[in-house]
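Notes to accompany the following structure.
Chain letters run A, B, ... following the sequence lines, proteins first, then strands; residues in each count from 1. The shown structure was predicted, so the numbers you read here are calculated from the model rather than taken from an experiment.
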Number of protein chains: 2
Amino acid sequence: MYNSANVAERQSQAPSLAISTVIFALRTDPSSGASEIWLPLVRRIRQPHLGKWALPGGPLGARESLQDAAARNLRETTALDPTYLEQLYAFGGLDRSATQRLVSIVYWALVRPDQADLARDSENVRWFRASEAVGLAFDHDEIVAYALERLRGKVTYGSVAYHFLGDRFTLAQLRGVYEAVLGKHLDPANFRRQLRSAQDIAATDEVLQGGRNRPPRLYRYTGP
Amino acid sequence: MYNSANVAERQSQAPSLAISTVIFALRTDPSSGASEIWLPLVRRIRQPHLGKWALPGGPLGARESLQDAAARNLRETTALDPTYLEQLYAFGGLDRSATQRLVSIVYWALVRPDQADLARDSENVRWFRASEAVGLAFDHDEIVAYALERLRGKVTYGSVAYHFLGDRFTLAQLRGVYEAVLGKHLDPANFRRQLRSAQDIAATDEVLQGGRNRPPRLYRYTGP
DNA sequence: ACAAAAGTGTTTAAAGTACACCCATGA
DNA sequence: TCATGGGTGTACTTTAAACACTTTTGT
């Protein structure tokens, strides 16, 4: 299949391999009360694309798995542990970086809002609304768009939405996640029925006090 | 984020990167007439796992995209062009290979049976039933199982099944694809309705002559 | 004429959608 | 008591599943 000259030529210019991570968190707009998707970006401190914002990432350690490297990205940029972490896609186009041939295996993570508040912005790390994360370094605009697409696909069927929330949540909060991800309004009555039939949540005997209206019941996630 | 010592240490032992491809084709059992999924494997001609069967693959060329490398895998092992080619997953566990740290970006492809018949077995390339492809080199058993899972997921919603067939096909042939992939019987009447409402196939004015029974109409795929 | 697959129609159940209505709380 | 979101009930539409039935060919 391969003659030795080809193999030697290819390996002499072996592409570099990096792991990057798209980190999503939910924040509630204080004025409207609606939930929005945010993500943290890091400022490039070297060429190429010096000064631009980019996804957190770096080279793969010799003794860490792909998933471990992605978790390390997350920890180093936000000091958070992921509640959800999954491989997104491997990007390897020829023109991704001007200075070298670069293959990036990208992961995506979900973190909880109470955690995300702890991770404050710093000089080189800043949180952005997902809709305003444009003009990024490399092909990271496309990567973020692809991650959002995957998020939408996963939330419709699957149990991803819970990982945006704490261990106790109201159905309205959960519906807020769905609405933020899908970008459309959902009927509260039907939403309630669909989830209760899904069987992976259970009602607790607690309610959330302190709101302006009738206190909603708290639920917890019982699935895998 | 990274101190220079860490970067230097990691890059000094940079993991090698390879591209592999799972190639699926459909073959019809001459006795029962049922369709089955087959895939070609190549015999290892060097250590590790010398003599075992493995997925076609090799290193990534410096001037080819990931997808191009996968298409090259396909061409070099079967002399076929893919009708469908998509990234499957990146595998990067620490213990995938005993001799080196190896990260494999795996693609999966579908080819047509008339093409697959042209690609004859040779000394180091042999076609296997998907259910009998076990005991492979490295972690390729898991990779094949994962590819089959993805295939099942894609065939239920999506237009993947057509790529197993030629440009003209009967609804019974298409149903055979679904049944082979999903591993269960489907009602011919309901199958017909579901697909005609999907709108991505169109009836031609031809029928398939030569069978024992009423000649079925030929359809063609009109989707993307 | 008969067997066997192609193709059509009908019935029933399940799931999704829309919306009217009552309940409980803070202000 | 009033506004507001929590929570329930119900009619309607769409979709899927099961299966009886008719049509067309080769033998």
Side-chain angles (χ1 to χ4, degrees), chain A residues 28-35 152-153 155-159 161 165 168-220, chain B residues 28-35 152-153 155-159 161 165 168-220:
Chain A
T28 307
D29 187 316
S31 59
S32 75
S35 297
R152 273 188 283 272
V155 86
T156 53
Y157 183 70
S159 53
L165 302 170
R168 299 294 155 100
F169 51 87
T170 69
L171 289 182
Q173 290 171 339
L174 186 57
R175 182 164 49 86
V177 175
Y178 277 74
E179 291 179 340
V181 171
L182 301 177
K184 64 177 180 183
H185 173 75
L186 298 174
D187 185 304
N190 296 331
F191 183 80
R192 167 183 311 273
R193 261 186 298 266
Q194 284 174 9
L195 284 199
R196 300 196 73 162
S197 68
Q199 302 259 306
D200 50 356
I201 65 173
T204 69
D205 51 0
E206 309 165 58
V207 292
L208 179 63
Q209 302 285 359
R212 281 190 302 277
N213 310 310
R214 170 175 173 177
R217 182 169 297 276
L218 286 170
Y219 292 80
R220 64 189 169 82
Chain B
T28 306
D29 186 316
S31 59
S32 76
S35 296
R152 275 187 284 272
V155 85
T156 53
Y157 183 71
S159 53
L165 301 171
R168 299 295 155 101
F169 51 87
T170 69
L171 289 181
Q173 289 170 340
L174 186 58
R175 182 164 51 86
V177 175
Y178 277 74
E179 292 180 339
V181 170
L182 301 178
K184 64 178 180 183
H185 173 75
L186 298 174
D187 185 303
N190 295 331
F191 183 80
R192 168 185 309 274
R193 261 187 297 268
Q194 285 173 10
L195 285 199
R196 301 196 72 162
S197 67
Q199 302 260 305
D200 51 356
I201 63 171
T204 68
D205 52 0
E206 310 164 57
V207 293
L208 180 62
Q209 303 284 0
R212 278 191 303 280
N213 310 309
R214 171 175 173 177
R217 182 168 298 275
L218 287 169
Y219 292 80
R220 63 189 169 82

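Contacts of T28(A) classified as side chain to side chain contact (heavy atoms under 4.5 Å, CB included), with partners at least two apart in sequence or in another chain: S35(A). Scanning for side chain to side chain contact (heavy atoms under 4.5 Å, CB included) contacts around R193(B) gives A189(B), N190(B), with sequence neighbours left out. Shown here are the side chain to side chain contact (heavy atoms under 4.5 Å, CB included) partners of Q194(B), two or more places apart in sequence or in another chain: there are none.
Judged purely by atom type and a 3.5 angstrom limit, E179(B) uses its side chain to pair as donor or acceptor with the backbone of L186(B).
Note that OG1 of T204(B) is 8.0 Å distant from CZ of R220(B), once rounded to the nearest 0.5 Å. Put simply, CD1 on I201(B) and CZ on R196(B) are 7.0 Å apart, with the number rounded to the nearest 0.5 Å. Between the OG1 atom of T170(A) and the CZ atom of R217(A) there is a distance of 12.0 Å, given to the nearest 0.5 Å.
Side-chain contact between Q173(A) and Y219(A) is absent, with no heavy atoms from C-beta onward closer than 4.5 Å. A 4.5 Å side-chain heavy-atom check between L218(B) and V207(B) finds every atom pair outside the cut-off.
For the segment residues 177-195 of chain B, residues with any heavy atom less than 4.0 angstrom from an atom of DNA chain D are, sorted by number, D187(B), A189(B), N190(B), R193(B), Q194(B).
Between the CG atom of L218(A) and the P atom of dG6(D) there is a distance of 12 Å, given to the nearest Å. At whole-Å resolution of the value, CZ in R175(B) and P in dA17(D) are 15 Å apart.
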Output a table of nitrogen or oxygen pairs between the protein and nucleotides 24-27 of chain D separated by less than 3.5 Å.
residue, atom, partner, partner atom, Å
dG26(D), O4', R212(B), O, 2.7

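In terms of heavy-atom proximity, P215(B) sits nearest to L208(B) at CB-O, 3.4 Å.
Note that the first and last nucleotides of DNA chain C, 5' to 3', having any atom under 4.0 angstrom from a heavy atom of chain B are dA4(C) to dT10(C).
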